[in-house]
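Read through the structure below, which is laid out as structure tokens, and then see the notes.
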There are 2 protein chains.
Amino acid sequence: MRISALEEYGLRCLLALARRGREGQMSISEVAEQEGLSVPYASKLLSILRKEGLVTAERGRTGGFTIARAPESINLLEVITALGGPLIDPNHCEKFTGQLDRCVHEDQCSVHNVLDGLAGFISEQLRTRTLQDVLDDQPEIGSGLSGSSILLTEQSEPQETRGENLQ
Amino acid sequence: MRISALEEYGLRCLLALARRGREGQMSISEVAEQEGLSVPYASKLLSILRKEGLVTAERGRTGGFTIARAPESINLLEVITALGGPLIDPNHCEKFTGQLDRCVHEDQCSVHNVLDGLAGFISEQLRTRTLQDVLDDQPEIGSGLSGSSILLTEQSEPQETRGENLQ
DNA sequence: AGCAATTATTACCAATCCGTAAAGTATTAT
DNA sequence: ATAATACTTTACGGATTGGTAATAATTGCT
């Protein structure tokens with residue numbers, strides 16, 4: 001269970017555009033330089049975001065990318081699923097690897113209960129956060145503020161791992 | 001961001017052993033048959049679980065696998081990280097793909113704030129659930145009980161996607 | 001018209017993951 | 001002892017992902 005590279009870097013590129021706002025524009029090379037990515041890679045990421053409808057592109061000499069909607073109206077679930085697909089493969093049981101015709105735990109399966117519940121929970125967390133929330137969470141450069149309030153709605157010490165080999 | 005096959009099937013195998021309890025035992029072929037997996041694949045999964053210390057193995061004609069600790073004392077975070085590694089690659093910024101010496105957002109990075117916060121949140125959810133919780137959530141075969149209370153501590157309708165292309 | 005700057009598309013290669021295959025090692029029943 | 005049963009290890013091929021490279025297509029400027 002990992003956050004993929006596409007998801008992280010794609011989110012970064014989208015945030016860069018979000019900072020420019022609906023009227024702003026950035027070229028691929030601008031995004032690449034700002035985010036420390038290669039131009040071809042930034043191009044690939046922005047291309048995916050465009051196909052998913054999160055950004056718009058204009059070609060030609062004065063072209064560039066613009067965020068498609070207001071940052072307040074784009075939630076993180078959209079972004080993550082656009083870049084990395086759904087949390088749980090919907091036709092998981094069809095692709096089941098075993099020799100049985102179908103998943104042994106087809107219905108009333110506690111494993112699916114758990115995993116679906118987890119996926120739903122994560123989705124809900126992502127859905128309730130927008131790009132603007134993330135931007136607001138970005139502290140001023142040089143400010144002493146540390147730590148983030150994002151995604152920490154009730155648990156008080158989420159990164160406390162107690163040596164449980166999260167490594 | 002996906003729940004990997006190893007994570008799901010490894011969890012299934014571990015649950016099968018958990019049902020037998022600390023005194024019970026299962027051979028690879030038993031596990032494979034019960035979970036609908038090929039024998040070599042079940043072997044691989046159990047081997048990983050053994051190396052991670054979650055199950056013990058005895059060789060020889062009367063050999064088999066036994067769960068290493070009580071199901072109440074094994075939480076899902078252990079299982080998931082044992083099978084799929086940590087949620088966020090700890091040396092992510094070292095492997096950074098860009099041309100810059102280090103991650104442009106090294107410190108005070110809102111993207112890291114968000115992702116770390118999310119990872120921490122998920123970890124916390126997983127840590128507070130044990131294998132025994134999952135076993136208790138498994139309904140009797142044929143019982144009319146549907147739905148799970150696991151991992152749904154406060155959100156009421158986590159799998160409600162509202163057409164937001166979770167697909 | 002032609003050049004320059006920009007996005008769009010396709011293909012490609014390396015690395016990792018999924019699942020299988022096969023040969024090896026240990027233990028026990030007979 | 002020997003054979004049967006079971007775990008152990010290594011290796012392999014296919015599929016997916018990460019990132020790069022090259023070329024085509026579009027627009028604006030002169």
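Proteins get letters first, then strands, A, B, ... in listed order; numbering begins at 1 in each. Hydrogens, waters and symmetry mates are skipped; everything else that's a heavy atom, side chains included, is used. Values in this document were obtained by computation on a predicted structure and should not be read as measured data.
- Under the rule for a side chain to side chain contact (heavy atoms under 4.5 Å, CB included), the partners of B:Ala57 that lie at least two apart in sequence or sit in another chain are B:Arg50, B:Phe65.
- Separating the CD atom of B:Gln25 from the C1' atom of D:dC7 is a distance of 11 Å, rounded to the nearest angstrom.
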Reading 5' to 3' and counting Watson-Crick or G-U wobble pairs with both distances under 3.5 Å, write the dot-bracket notation for DNA chain C, | for bases paired outside the strand.
||||||||||||||||||||||||||||||
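- Separating the CD atom of A:Glu33 from the P atom of C:dA5 is a distance of 16 Å, rounded to the nearest angstrom.
- Looking at residues two or more places apart in sequence or on another chain, you find no side chain to side chain contact (heavy atoms under 4.5 Å, CB included) involving A:Thr62.
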For nucleotides 8-14 of chain D, 5' to 3', base contacts (B), sugar-phosphate-only contacts (S) and non-contacts (-) with protein non-hydrogen atoms under 4.0 Å give BS-----
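- Heavy atoms of B:Gly63 sit under 4.0 angstrom from primed sugar atoms or phosphate atoms, though from no base atom.
- The side chain of A:Ser38 places no N or O atom within less than 4.0 Å of a non-bridging phosphate oxygen (OP1 or OP2) of D:dG19.
- The side chain of B:Arg61 lies closest to D:dT5 when the candidates are D:dG18, D:dG19, D:dT5.
- Rounded to whole Å, the distance from CG on B:Leu83 to C1' on C:dG19 is 15 Å.
- For A:Ile80, the side chain to side chain contact (heavy atoms under 4.5 Å, CB included) partners are A:Glu7, A:Leu126, B:Met1, not counting sequence neighbours.
- Among residues two or more places apart in sequence or in another chain, the salt bridge (Lys or Arg N to Asp or Glu O under 4.0 Å) test is passed with B:Arg61 by none.
- We find that CD1 of B:Ile48 is positioned 16 Å from P of D:dC7, with the value rounded to whole Å.
- Not counting sequence neighbours, the partners of B:Gln25 by the side chain to side chain contact (heavy atoms under 4.5 Å, CB included) test are B:Glu58, B:Thr66.
- In this entry the distance linking CZ of B:Arg2 with C1' of D:dA15 reads 13 Å, nearest Å.
- Pairs engaging residues 68-77 of chain B under the salt bridge (Lys or Arg N to Asp or Glu O under 4.0 Å) rule: B:Arg69-B:Glu78 [sequence neighbours left out].
- Comparing C:dT7, D:dG19, C:dT20 by their nearest atom to the side chain of B:Tyr41 picks out C:dT20.
- Taking every side-chain heavy atom of B:Ser4 into account, C:dC18 is the closest of C:dC18, C:dT6, D:dA21.
- In this structure, the OH atom of B:Tyr9 is 10 Å from the P atom of C:dT20, given to the nearest Å.
- For A:Arg59, there are no salt bridge (Lys or Arg N to Asp or Glu O under 4.0 Å) partners at least two apart in sequence or on another chain.
- Taking the six-membered ring for Trp and thresholds of 30 and 60 degrees, B:Tyr9 and B:Tyr41 have ring planes more than 60 degrees apart, a perpendicular arrangement.
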